[in-house]
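Fair warning: this is a prediction, and the values are worked out from it, not measured in the lab. Below, all heavy atoms of this structure are taken into account, side chains as well, without hydrogens, waters or symmetry copies.
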Amino acid sequence: MFDILAKCPLVGILLLIGGFVVFPLRADVSLPSLLSAHAVLQKSAATRIWGMAAPNEAVHVVLGKIKAETTADASGRWQTQVDLTQSPQGPFDLVVEGKNKIVVPDVVVGEVWLCSGQSNMQYALRGDINAPVEIKLTNSFLRQFKVEIASAPTPLDDCKGSWILATPATVGDFTGVGYYFGKKLQTELTVPVGLIHSSIPGSAIEVWMSSEAFAKRPAMDAGRVRRLATFNEYPGKLAAYVAAFQAWVAKYSREDQAVDPALFAAPGVATDDWKKLALPGKVAASGFSASGAIWARKTVNVPAVGAGKPGNITFGTVRDFVTIYWNGVEIAKTSPANPPALGIYKFIVPGEVIKEGENVIALRISGVSDQNGCENGLSCSFNGVGQAVRLEGDWLAKVENSLPALSPEALATLPKPPGVPNPALACYNYNAMIAPLLHDTIKGIIWYQGESNVNRPDDYRVSITAMIEDYREKWGAELPFYFCQLPNFQPRDSDPSKGCWADLRDAQTSALALPKTGMAVLIDVGEEANLHPRNKKDPGERLGRIALAKDYGKPIAFSGPHYDSLIVEGDKLRLKFSEVNGGLMAKPLPATYKPNSVSPETKPLVRLSPNSELEGFVICGDDHKWIPADAKIDGEAVIVSSTNISKPVAARYLWADSPIGNLYNAATLPAAPFRTDEFPLKKQPFAF
């Protein structure tokens, strides 16, 4: 509220004097959103219950037969701890009483885990390949609290969100990875499991870190300060650009004179006199005026499953400005004062304008710089529909108005817009989506993130360790931290030195040096052409195996073969492994594979070592040039060699963006990508 009043003082004054109640007239006892209906409390000896009240107000807490009392401090904050080690699982009413009384229904006692990261943690169960079976089930003791996406410059005390039970009506909204993790725990432990889901698609690790974590690492903090400065300077630069642009337009008489969009964008508009326009491309290439305003239309068919649900439409780059209409309704517009975020032309299409069958997309491209057109790919997609609809090719187009060609002087003085800064600022999502959770007693954390850091693996080695250590310090406990290693992704290449996903996976592996950490290996469940593989069961269950073995004492295999050591034996390398769990095995490889599970397309699986028992190994000599190697199992070791190298010095396994491998143990868990060498990898200064 204070932010609103500061930014909009007139609104603030009206709220304060216009009869609206901005703040309670008395400081009633209140609870955070985490302590709401259907909440799961961690079964522990010191489970925290907290909230707000009047300064120095006495607060009474009752949960079943357990009672506690505390007093709010001078700022109104209060907190107490209850011993739930002997508590039944419930459900209970949580009763909190001060001057007023709050009754929170259906509270259970069990195991609480934080599920965080980016899009593959955010990925909802409804999109999982096994969703048709899972969403039919009801599991009232598996619950999720989804933190509403938010950011803040300083840490917040509370967040928005609510608890939901796993029922056919709601379970599709669960994080897919978290759902399978929680289900695995619940099946083995037969206790309630609460998942606190706090993730953001496309988020880099730095946005999930606290300012204190940065302050301890000056090189990291310098990068944070640079990005924040760029972000804060942008409004002034944008205002200066808009003023300069308007002056330039007036000087050269290139004002935009828009007409009624219904004449061009409405679904029923006659297009008999419209001509073909090839997009992407410049409009001049199709015989149209290089500047002015031109309309382009295209019809797309939407299946029933996508109708009425939000979608999106994506372009490469539009020169200079574009207004987008869907079935005659304006859905997005760029302008000098409203450039696309980060230069990415991706806009939301509201579900209410998307209908089953034919839909009309209309673009008004208005240009002043003789560069009218659209670059790179065009597509649209709809929720519930697997593949995007490609929009490249012929559109129907009609000129609204034309402008004369620019003089060299005019073109040279055309103001250039400032680059839109990345709005994802270090610490801001931590402040709004992690800090409010710190009061809650949790068992541990599962994490699926790294895609947005893949070009900065050297940074990630520092960041992942810094974040884990900081979270543990903030929660006041050495919380288990189990994470997903990035799966295979990107087109397969015969050169294992290309790409940077292997380096990022190696950076993730470095976090295992910390105590109470674990890594779910996913190198066998990714999709070459899909950043968001639809198999979330294996990631969730593999994380669950780690937790069951390490935190709950279950005798269950939780790791694939783990590389331990290397012995040079002439022209061969002997690699020794632990975590063989019944022995090493070469899993049969299929003849074909699907690059994308939502497409029927298949490709032949081309092996780099077709005569080898094991696929995925490379080897090098003193020249550090990697070549595919033959590898075979020998007890609890693997023998690696190549007829092209007489004196091998090092080996790597699955060291590529999208490698093929088949080394597993008898528990059918895959070996993680690894390297026996310590050769320098990609280095760069902290760049966030």
Side-chain angles (χ1 to χ4, degrees), residues 117 120-121 129 177 447-451 453-454 457 460 464 482-494 496-512 518-543 545-546 557-563 575 577 579-581 584-590 593-597 605-609 612 614-618 626 628-629 631 638 640 651-665 667-676 681:
N120 274 306
M121 182 62 82
I129 201 164
V177 171
W447 175 258
Y448 194 155
Q449 191 276 336
E451 299 91 336
N453 289 83
V454 76
Y460 204 85
I464 184 69
Y482 305 137
F483 57 93
C484 290
Q485 188 183 52
L486 292 187
N488 46 305
F489 176 62
Q490 299 285 29
R492 289 177 173 165
D493 196 293
S494 59
S497 65
K498 290 184 178 179
C500 50
W501 284 67
D503 288 6
L504 195 283
R505 295 186 193 107
D506 188 65
Q508 291 178 309
T509 304
S510 69
L512 294 176
M519 182 174 73
V521 176
L522 308 182
I523 199 65
D524 58 336
V525 299
E527 299 180 20
E528 173 185 308
N530 189 356
L531 181 62
H532 306 111
R534 295 174 63 224
N535 176 1
K536 300 305 182 193
K537 183 175 183 179
D538 280 324
E541 290 191 347
R542 289 176 186 178
L543 289 168
R545 282 175 170 267
I546 299 171
F558 66 90
S559 172
H562 180 79
Y563 166 72
L575 311 182
F577 290 83
E579 301 296 342
V580 296
N581 288 299
L584 299 177
M585 61 176 284
K587 191 173 181 179
L589 290 168
Y593 70 97
K594 296 182 71 173
N596 190 330
S597 63
L605 190 147
V606 179
R607 296 186 56 175
L608 302 183
S609 302
S612 176
L614 294 171
E615 178 72 19
F617 283 89
V618 293
W626 299 98
V638 171
V640 185
R652 291 180 176 181
Y653 178 63
L654 302 184
W655 205 267
D657 287 345
S658 192
I660 303 167
N662 63 335
L663 177 60
Y664 287 71
N665 58 21
T668 66
L669 292 172
F674 67 86
R675 60 182 181 136
T676 68
L681 297 176

Shortest non-hydrogen separation from L654 to A671 and the atoms involved: CD1-O, 4.2 Å
Donor-acceptor pair, side chain of R505 and main chain of P487, under 3.5 angstrom: yes
Any side-chain donor near an acceptor of the partner, E528 and S658, under 3.5 Å: no
L522 and Y448: CA distance, side-chain angles, deciding distance, side chain to side chain contact (heavy atoms under 4.5 Å, CB included) verdict: CA-CA 11 Å; L522 308 182; Y448 194 155; 3.7 Å; yes
Interatomic spacing from CD in E541 to CG in L669 - rounded to 0.5 Å: 10.5 Å
Flag, side chain of D657 to backbone of W501, donor-acceptor distance under 3.5 Å: yes
Nearest heavy-atom neighbours spanning F577 and V580: O-CG1, 4.0 Å
Flag side-chain contact, heavy atom, 4.5 Å: R492 against L605: yes
Non-hydrogen atoms of A672 and V521 that approach each other most closely: CB-CG2, 3.5 Å
Side-chain donor or acceptor of R652 paired with backbone N/O of P673 under 3.5 Å: no
Atom pair CG (D524) and CG (D538), whose distance is rounded to the nearest 0.5 Å: 7.0 Å
Point-to-point distance, once rounded to the nearest 0.5 Å, from CD of Q485 to CD1 of I523: 6.5 Å
Polar side-chain atom of E579 near backbone of H562 as donor-acceptor pair, under 3.5 Å: no
Pairwise distance CD(Q508) to CG(N453) - rounded to 0.5 angstrom: 9.0 Å
Smallest separation among heavy atoms of H532 and N120, with atom names: CA-OD1, 3.4 Å
Nearest heavy atoms of A520 and P539, plus distance in Å: CB-O, 4.4 Å
Chi angles and distances behind the side chain to side chain contact (heavy atoms under 4.5 Å, CB included) call for R607, I660: CA-CA 8 Å; R607 296 186 56 175; I660 303 167; 5.6 Å; no
Plane angle bin for F674 and F617 - parallel if under 30°, tilted between 30 and 60°, otherwise perpendicular: perpendicular
Side chains of N488 and P659 in contact at under 4.5 Å (non-hydrogen atoms): yes
Residues that F558 engages under ring pair (Phe, Tyr, Trp, His ring centres under 6.0 Å), provided they are two or more places apart: none
Any side-chain heavy-atom pair of Q490 and C500 under 4.5 Å: no
Side chain to side chain contact (heavy atoms under 4.5 Å, CB included) assessment of W655 paired with D506: CA-CA 9 Å; W655 205 267; D506 188 65; 3.4 Å; yes
Stepwise side chain to side chain contact (heavy atoms under 4.5 Å, CB included) test for Y563 and Y653: CA-CA 10 Å; Y563 166 72; Y653 178 63; over 6 Å; no
Heavy-atom pair of closest approach, residues S559 and N581: O-ND2, 3.1 Å
Main-chain N/O of N530 paired to N596 side chain as donor or acceptor, under 3.5 Å: no
Reported CG-to-CG distance for the pair L584 and N665, which is rounded to 0.5 angstrom: 7.5 Å
Spacing of CG belonging to L663 relative to CE belonging to M585, to within rounding of 0.5 Å: 9.5 Å
